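What follows is a single structure, written as structure tokens, with notes after it.
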Amino acid sequence: MSAVKILIADDSRVMRQIVTRTLRQAGYEGHDLVEAADGRQAYDTAVSERPDLVLSDWNMPEMTGVEVLRALRAAGVAVPFGFVTSESSDEMRQAAEAAGALFLITKPFTAESFRDALDPILG
Amino acid sequence: MNHTTPTDDDLRVIAEQVWSSYLDLDGASPLIAKPADAPSHEVCASVSVTGAWRGHVVVRCSAAASRNAAAALLGVELDDVTPDDVTDALGELANIIGGNVKSLLPEPCALSLPHVLVHGESGYPQVMEVCGLEATWLDEPVTVSVLESTVVERVG
């Protein structure tokens, strides 16, 4: 697998660290990881850094994850985008799918759940 | 989705999932569902639930367990764990468990920001003081603080 750039957007530094570690455990090593601590940063970083994949929390300051996704699509940025959230109501899944998200991983997640969601994109 | 009050078994399953996912990655140090010989409540992390159901989800543990949790969650050496690490890590732990408990409660509900107590001292993960008052009453100290979160809570 050639190195790809993954943007991790979460307002919790603990959760960004857990996502980073889980990516490594799932076998996605050697990739270029960039982080964003709020929705605005996530949008700006997705535009400027042109990542190959965005893993985003749902609720973040400045912009929610789904607002980031909608703004990216409105700006013509088609980066693969998935959510990593602590809850997943039917409404959230529908909104995520309608906005163009590829997957929604719920916490607590495992390396296996990352592989299931990410292999079709990065594999 | 189940809309009854969570049971002991529900909580055990949630906690075991959180531990196996984040705190016991190699399966060598699982959360064992039986009381410790010497229970400790040195560290207490909680989130509140409001809405159709109202209450609190509380995680209590010893100082040593909280430091181990912070080291595991943040991927740092035990000796390098700071008090802020403990506050952030235990707050996130309460948040994740609270989020999963919330999925078993009637809708709509919202989770509060986490609150962490270490040795009786309040800790609020990722906040800034907006204003404060340090005062004296009957020759005893009284303080009032307004703390704004720099984090938007995961409510749904």
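This one's a predicted model, so the numbers in the text were calculated from it and none came from an experiment. Proteins get letters first, then strands, A, B, ... in listed order; numbering begins at 1 in each.
If you tally non-hydrogen atom pairs under 4.5 Å between each of A/Ile18, A/Thr22, A/Thr106 and chain B, the highest count goes to A/Ile18.
Remark: A/Arg13 engages B/Asp85 in a salt bridge, criterion side-chain N to carboxylate O under 4.0 Å. Ion pairing between A/Arg70 and A/Glu67 fails under the 4.0 Å rule for side-chain N and carboxylate O. A salt bridge is absent between A/Arg93 and A/Glu97: the closest approach of a Lys/Arg side-chain nitrogen to an acidic carboxylate oxygen does not fall below 4.0 angstrom.
One finds the CD atom of A/Glu62 at 14.5 Å from the OH atom of A/Tyr43 (value rounded to the nearest 0.5 Å).
With hydrogens and angles left out, the side-chain atoms of B/Ser29 and B/Asp24 include a donor and acceptor closer than 3.5 Å.
Checked against the 6.0 Å centroid criterion, the rings of A/Phe103 and A/Phe83 do not qualify as a close aromatic pair.
Residues of residues 50-59 of chain B having a heavy atom under 4.5 Å from any heavy atom of chain A: none.
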